[in-house]
Amino acid sequence: YWQENPFKILAGIGVPTILYIFKGRNDKAHLQLQSKLMHTRVYGQGVVIALLLGLMGVKGYLDSMGQYITEAEANARVEDMRQMRLQLKERLARDKRLMEERERVLRGMKENSEEHQTRERQLENVDDFEAQMEQEQEVGSDIDQPKTKKLKKKKKPSNKPAIVIIDEDEAEKLVEDKSE
């Protein structure tokens with residue numbers, strides 16, 4: 001307690017000492033109150049400075065020797081350090097798993113991105129094919145009508161294969177429809 005709170009100890013010892021000095025000076029009737037207070041201040045200052053030097057010397061010694069703790073406190077600190085070490089290891093392992101998961105998701109997003117681009121290209125091919133089919137139907141129907149309307153130009157057929165992408169639900173419906 002001395003090491004941590006030297007000024008509390010100084011005040012706890014100094015104030016009663018100064019009061020004791022004043023009581024000793026107050027017993028002398030031949031002195032005026034001002035003289036009693038002046039004597040008390042001078043003697044009190046001397047005592048407080050001596051106490052301050054003594055307490056700071058003890059504090060300096062205790063600081064140089066380290067803080068004194070009991071064996072129970074030391075064991076409690078060791079156990080706290082063990083617990084903190086375990087928590088740190090668990091947190092590091094959890095963080096490592098999270099980083100691996102993030103990397104896996106990011107790699108998956110990159111792969112999904114490439115798959116998405118491939119699907120988009122395939123859908124464009126399907127759209128081109130449907131547009132060609134519509135134009136061929138319109139051209140066929142335009143032949144029957146008067147020649148006042150201009151015929152639409154046919155697009156050259158694409159050499160790219162037409163691929164239709166459907167999800168699992170649509171595939172199941174198609175399979176069910178064919179089986180019926």
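Within 6.0 Å of CD on Glu100 lie more than 12 heavy atoms contributed by other residues, nucleotides or ligands. Heavy atoms from other residues, nucleotides or ligands lying under 6.0 Å from CD of Glu71 number 12 at most.
With no hydrogens or angles considered, no side-chain donor-acceptor pair links Arg91 and Gln87 at under 3.5 Å.
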| request: List the steps and the verdict of side chain to side chain contact (heavy atoms under 4.5 Å, CB included) for Met38 and Gln34. | output: CA-CA 6 Å; Met38 188 58 68; Gln34 292 173 349; over 6 Å; no
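The nearest pair of heavy atoms linking Leu10 to Val48 is CD1-O, 3.8 Å. Nearest heavy-atom pair, Pro16 versus Ala11, reported as atom, atom and distance to 0.1 Å: CD-O, 4.0 Å.
No continuous path of hydrophobic side-chain contacts links Leu19 to Phe22 [ILVMFWY only; heavy atoms under 4.5 Å]. Both Met56 and Ile13 are part of a single hydrophobic cluster, where members link through side-chain heavy atoms under 4.5 Å apart. A single hydrophobic cluster is seen to contain both Leu55 and Ile18, as judged by linkage of ILVMFWY side chains at heavy-atom distances under 4.5 Å, directly or through other members. Hydrophobic clustering (side-chain heavy atoms under 4.5 Å, transitive across Ile, Leu, Val, Met, Phe, Trp, Tyr) groups Phe7 together with Val47.
For the atom pair Arg94 CZ and Leu98 CG, the distance stands at 7.0 Å (nearest 0.5 Å). For the atom pair CG of Leu52 and CD1 of Ile9, the computed distance is 12.0 Å after rounding to the nearest 0.5 Å. Taking NZ of Lys96 as the reference point, atom CE of Met99 lies at 11.5 Å (rounded to 0.5 Å). For the atom pair NZ (Lys36) and NE2 (His30), the distance works out to 9.0 Å, reported to the nearest 0.5 Å.
Using a 4.0 Å cut-off between charged side-chain N and carboxylate O, Glu79 and Arg82 make a salt bridge.
Glu101 has its side chain out of reach of Arg97: every pair of non-hydrogen atoms, C-beta onward, lies at least 4.5 Å apart.
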